[in-house]
Amino acid sequence: MKRMTSLFAAVGLLLAAGSSWAADKVVFGTNWLAQGGHGGFYQAVVDGTYAKYGLDVEIKMGGPQVNTRPMLPAGRLDFLMGGNLLLAFDNVRNGIPTTVVAAIFQKDPQAFMAHKGQYADFAALTKAPSVLVSKDGQFSFWQWMVTRLGFKDEQLRPYGFNLAQFLSDKSMVQQAYGTAEPLYAAKEGAEVDVFLLADQGWSTYGSIIETRSELVENNPDLVQRFLDASIEGWNNYLYGDRAAAYAAIIAANPEMTVEKLDAEMAQFDKLEIIDSGEAVEKGIGAMSPERIEAFHDLAVESKIIEAGAVDLSKVADTRFVNKGKGLDIKAKLTGK
């Protein structure tokens, strides 16, 4: 009996010590102000998924006055939500020691929009008299559109992220983020057709998750736990109750409302941006070396990047994804 009492006392001490263990602090940076496309991460915070994986996650928003990208290599962030693979290629080309470890969006939401019924299909946009494209777009996807899809530089007009030109001219075509500008146009009473570049061959992933290369090498367990928890968060957000995540997003960015978030998520679903492609069988976050290489080749052929400038072996590490993580949660919540 005395031995049993001592055993119980020892277990009690271990449990007490365990309760005081600090969770690993992780700072995760997003690429813009809180919105629906960040929802899975907020979900994992508010429903305790990160805590379950032993993580204390702080989400640091990007925004018009906040550039989170340099914070990652500087050590002020542990993980960063990036855009498409071109940014990762640039990091490798410039010797910045970061690595892509997941891709939340199977499709880049980059799109073009036209007034409803003005153009029969995407190919017809090559006949549009004016196409509004931002400076960044002119040196990336526009070069591919000219090289491969029959668009002409004569069509090009600068896009200043204002809908006024588009709304005033029915023949105007402009670049758009598939889950943003079409909704803004609708609010102004303009019906639009949306053409996702991913559906035309722009094969990059979107919302890539990057971390420092030294973290991948020295603490792969932390990387795995962060991604596993984030993927669970995304499945619960997409297929479960989003109310608490919505509340967290609105608290971080009061310009958001439940109605705006619902409309944004409806666009994500309609355009099949997140749970599609490789993610259907391999889980959200899935990515493959073959697809990364194919997009790299597209970028080289379109003269977006120079041949030989990027060591593809340093761009991404796929060992943390493609394991079917979260498929059980999806099945339970959808009954499929």
Side-chain angles (χ1 to χ4, degrees), residues 31 37 80-112 121-123 125-126 133 136-151 175-179 194-211 213 216 227 231 268 271-325:
N31 56 1
L80 174 67
M81 175 186 179
N84 63 44
L85 287 168
L86 291 177
L87 297 171
F89 293 161
D90 277 342
N91 279 1
V92 172
R93 181 172 55 184
N94 293 315
I96 299 172
T98 60
T99 304
V100 179
V101 290
I104 301 302
F105 297 171
Q106 285 293 303
K107 295 181 180 181
D108 185 352
Q110 187 63 60
F112 276 79
D121 52 24
F122 182 79
L125 301 186
T126 60
V133 182
D136 285 345
Q138 292 174 31
F139 293 102
S140 56
F141 53 81
W142 179 255
Q143 290 187 211
W144 164 73
M145 292 166 67
V146 170
T147 303
R148 301 279 289 271
L149 301 181
F151 287 81
Q175 76 173 63
Y177 199 74
T179 58
V194 180
F195 303 96
L196 208 63
L197 292 187
D199 294 335
Q200 313 303 323
W202 184 247
S203 56
T204 180
Y205 296 107
S207 189
I208 57 174
I209 305 303
E210 301 170 76
T211 189
S213 301
V216 171
L227 292 178
I231 292 166
F268 272 107
L271 298 173
E272 299 181 328
I273 287 172
I274 302 173
D275 194 3
S276 60
E278 297 164 78
V280 173
E281 294 186 356
K282 297 179 180 180
I284 291 171
M287 56 183 184
S288 69
E290 295 79 13
R291 183 167 162 187
I292 293 170
E293 182 177 0
F295 181 68
H296 167 267
D297 292 347
L298 177 154
V300 170
E301 291 168 13
S302 303
K303 297 181 171 54
I304 299 170
I305 58 176
E306 295 179 1
V310 177
D311 181 351
L312 285 176
S313 69
K314 296 181 179 179
V315 172
D317 191 327
T318 62
R319 77 176 113 157
F320 304 104
V321 292
N322 303 333
K323 302 175 182 180
K325 185 68 180 176

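Summarising the geometry, atom CG belonging to Leu312 is positioned 4.5 Å from atom NE2 belonging to His296; distances are rounded to the nearest 0.5 Å. One distance of note links CG of Leu80 with CD1 of Ile209; it measures 7.5 Å at 0.5 Å rounding. We find the CD-OG1 distance between Glu290 and Thr318 to be 8.5 Å, quoted to the nearest 0.5 Å. For the atom pair OG of Ser203 and CG of Leu197, the computed distance is 11.0 Å after rounding to the nearest 0.5 Å. Note that the CG atom of Leu149 and the OG1 atom of Thr126 stand 9.0 Å from one another [nearest 0.5 Å]. Of the inter-residue distances, the one linking Ile208 atom CD1 with Thr98 atom OG1 reads 8.0 Å to the nearest 0.5 angstrom.
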Problem set entry | Criterion side chain to side chain contact (heavy atoms under 4.5 Å, CB included) on Phe195 and Asp199, from CA distance to verdict | CA-CA 8 Å; Phe195 303 96; Asp199 294 335; over 6 Å; no
Exercise. Yes or no on side chain to side chain contact (heavy atoms under 4.5 Å, CB included) for Ile305 and Arg93, after CA distance, side-chain angles and deciding distance?
Worked result: CA-CA 9 Å; Ile305 58 176; Arg93 181 172 55 184; 3.6 Å; yes
Exercise. Does the pair Glu210 and Asn91 meet the rule for a side chain to side chain contact (heavy atoms under 4.5 Å, CB included), with working shown?
Worked result: CA-CA 11 Å; Glu210 301 170 76; Asn91 279 1; 3.3 Å; yes
For this session: Tell me, with the steps shown, if Arg148 and Glu301 meet salt bridge (Lys or Arg N to Asp or Glu O under 4.0 Å).
Result: CA-CA 9 Å; Arg148 301 279 289 271; Glu301 291 168 13; 3.0 Å; yes
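When all heavy atoms of Val315 and Ala88 are compared, the closest pair comes out as CG1-CB, 4.1 Å. Residues Gln175 and Gly137 come closest through the heavy atom pair OE1-CA, 4.5 Å. When all heavy atoms of Val321 and Ala102 are compared, the pair lying nearest together is CG1-CB, 3.8 Å. Across all non-hydrogen atoms, the minimal contact from Lys107 to Ala198 is CB-CB, 3.7 Å. When all heavy atoms of Leu271 and Leu196 are compared, the closest pair comes out as O-CD2, 3.9 Å. Nearest heavy-atom pair, Gln106 versus Ala286, reported as atom, atom and distance to 0.1 Å: NE2-O, 2.9 Å.
Among residue pairs with one or both ends in residues 310-325, those qualifying as salt bridge (charged side-chain N to carboxylate O under 4.0 Å, His left out) are Glu232-Lys325, Asp317-Arg319; sequence neighbours excluded.
The shortest side-chain heavy-atom distance between Leu86 and Thr204 does not fall under the 4.5 Å cut-off. The closest side-chain heavy-atom distance from Asn84 to Phe105 is not below 4.5 Å.
With hydrogens and angles ignored, the 3.5 Å screen pairs no side-chain donor or acceptor of Gln110 with any backbone N or O of Tyr177.
If you run side chain to side chain contact (heavy atoms under 4.5 Å, CB included) between Gln200 and each of Phe141, Trp144, Phe112, only Trp144 comes through.
In this structure, the ring of Tyr205 has its center no less than 6.0 angstrom from the ring center of Phe295.
In this view, Gln143 and Phe139, Lys303, Ile304 satisfy the side chain to side chain contact (heavy atoms under 4.5 Å, CB included) rule, not counting sequence neighbours. Every residue was checked against the salt bridge (charged side-chain N to carboxylate O under 4.0 Å, His left out) condition with Glu293, not counting sequence neighbours, and none meets it.
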